[in-house]
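A short write-up of the structure that comes next.
Read the numbers this way: they start at 1 and go in the same order the structure lists the ligands and their atoms.
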Amino acid sequence: MSVNNKRASAILGSPFPKSTSEKIVELVLQRLRDNSWETDVIDLSKIDAESLLIRNEDEKLDKVLKSVVQSDLIITASPTYRATYTGLLKVFLDLLPQESLSEKLVLPIQTGGSSDHSLTIEHGITPVMRSLGATVLTNTIYAWSSQFKEDGSPSPGIIELINNSVKELDFLLN
Ligand SMILES: Cc1cc2nc3c(=O)[nH]c(=O)nc-3n(C[C@H](O)[C@H](O)[C@H](O)COP(=O)(O)O)c2cc1C
């Protein structure tokens, strides 16, 4: 990949730290940093819930929203909850202004307990991101628990999905 001076923001939508979706995010971000991307991680579990529900003014949250809309690539990462992405991620996305992601690329990453809901990216997060004007990659990443080895590292199948996403990014940006 030969892209320079691009910025990627990863939004972690798990309510818990050290989620498997975060592990995949880290692998993707490392690939981007190796190619001179600036990267940023937004952990929604660390943002005040009252602010996310618009009950408080929160300058920190405003800054986070601004940094997302100023990114070239937005990575959404979430476990599958009830056949879709988490409510935590949804309340954050609801704060983004209309069309604020036009001309932005989005790479959805989602994990699940099994492969049963592997199409959820197509009917869950993808239309939501498109409603904000974003271009969602074709090569999204869905992984499930048994694809992680005992030591927590990802199987070759997950690495292949990451390779495909990075290849598509390279194609779209060059
Ligand atoms: C409230 C809740 C709902 C879940 N619903 C689903 C589901 O509908 N489909 C599925 O494949 N996994 C489901 N899971 C399992 C998680 O998606 C799975 O454990 C997760 O991807 C592992 O990610 P983590 O490391 O972030 O916990 C659910 C888990 C929780 C806690």
Side-chain angles (χ1 to χ4, degrees), residues 8-33 37 39-55 60-61 64-65 67-68 71 73-96 101 104-132 134 136-169:
S9 287
I11 306 168
L12 306 182
S14 173
F16 304 108
K18 304 208 183 307
S19 70
T20 43
S21 47
E22 181 178 354
K23 272 185 203 161
I24 300 173
V25 164
E26 271 314 318
L27 292 169
V28 173
L29 293 185
Q30 190 52 55
R31 293 284 298 274
L32 297 178
R33 285 192 289 266
W37 282 68
T39 64
D40 183 24
V41 175
I42 297 154
D43 185 346
L44 297 183
S45 72
K46 299 207 168 101
I47 296 181
D48 177 47
E50 294 282 309
S51 305
L52 283 170
L53 293 171
I54 331 176
R55 291 176 184 158
K60 222 169 93 187
L61 177 56
V64 167
L65 289 162
S67 81
V68 169
S71 300
L73 169 69
I74 294 111
I75 298 170
T76 59
S78 176
T80 303
Y81 280 7
R82 308 289 177 240
T84 188
Y85 59 97
T86 60
L88 178 59
L89 180 54
K90 183 65 163 67
V91 290
F92 179 78
L93 297 177
D94 288 348
L95 300 177
L96 289 169
L101 300 187
K104 312 286 175 194
L105 295 173
V106 169
L107 168 58
I109 295 174
Q110 205 166 313
T111 58
S114 73
S115 61
D116 289 2
H117 291 133
S118 55
L119 283 178
T120 178
I121 285 181
E122 298 302 320
H123 57 71
I125 192 76
T126 294
V128 171
M129 299 314 271
R130 288 195 179 129
S131 80
L132 288 160
V136 180
L137 266 63
T138 301
N139 289 276
T140 58
I141 300 175
Y142 189 92
W144 53 95
S145 306
S146 65
Q147 289 186 302
F148 290 88
K149 299 180 199 159
E150 259 179 37
D151 65 3
S153 60
S155 67
I158 296 176
I159 303 296
E160 193 183 339
L161 293 177
I162 293 172
N163 288 341
N164 292 342
S165 300
V166 171
K167 221 185 282 176
E168 185 180 350
L169 268 178

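- Regarding atom 2 (C) of ligand 1, its nearest protein heavy-atom neighbour is Y81 CD1, 3.6 Å.
- With a 4.5 Å cut-off on side-chain heavy atoms, I24 and P154 do not count as touching.
- For atom 21 (O) of ligand 1, the closest heavy atom belonging to the protein is T111 OG1, 2.7 Å.
- Put simply, CD1 on I162 and CG on L27 are 4.5 Å apart, with the number rounded to the nearest 0.5 Å.
- In this structure, atom 25 (O) of ligand 1 has protein heavy atoms in its sub-4.0 angstrom surroundings.
- Note: no N/O pair closer than 3.5 Å links P79 and ligand 1 by distance alone.
- S155 and Q147 form no side-chain donor-acceptor contact under 3.5 Å, judged by distance and modelled atom types alone.
- Backbone and side-chain nitrogen or oxygen atoms of K18 are examined, and none is located within less than 3.5 angstrom of a nitrogen or oxygen of ligand 1.
- Put simply, the side chain of L88 reaches to within 4.5 Å of the side chain of L52, judged on heavy atoms.
- Heavy-atom proximity to A83, at under 4.0 Å, picks out these atoms of ligand 1: 7 (C), 8 (O).
- Which parts of ligand 1 touch S19 is read off a 4.0 Å heavy-atom cut-off, strictly below it: atoms 24 (P), 25 (O), 26 (O).
- V68 has its side chain out of reach of L65: every pair of non-hydrogen atoms, C-beta onward, lies at least 4.5 Å apart.
- Within the 4.5 Å cutoff, no side-chain heavy atoms of S78 are placed close to those of S21.
- Every atom of ligand 1 with a heavy atom of S114 under 4.0 Å away is listed here by number and element: 11 (O).
- Protein heavy atom closest to atom 12 (N) of ligand 1, with residue, atom name and distance, is G113 N, 3.0 Å.
- Relative to atom 1 (C) of ligand 1, the option among K23, R82, Q110 with the closest non-hydrogen atom is R82.
- Ligand 1 places these atoms under 4.0 Å from at least one heavy atom of H117: 7 (C), 8 (O), 9 (N), 10 (C), 11 (O).
- Looking at S118, its side chain does come within 3.5 Å of a backbone N or O of S115 through a donor-acceptor pair.
- Within the set D116, T80, T86, T84, the minimum heavy-atom distance to atom 28 (C) of ligand 1 is found for T80.
- Looking at Q30, E26, R33 one by one, the single match for side chain to side chain contact (heavy atoms under 4.5 Å, CB included) with T39 turns out to be R33.
- Under a 4.0 Å N-O distance rule, the pair E160/K167 does not qualify as a salt bridge.
- Protein heavy atoms are found inside the 4.0 Å sphere centred on atom 14 (N) of ligand 1.
- Ligand 1 has an N or O atom lying under 3.5 Å from an N or O atom of T20, backbone or side chain.
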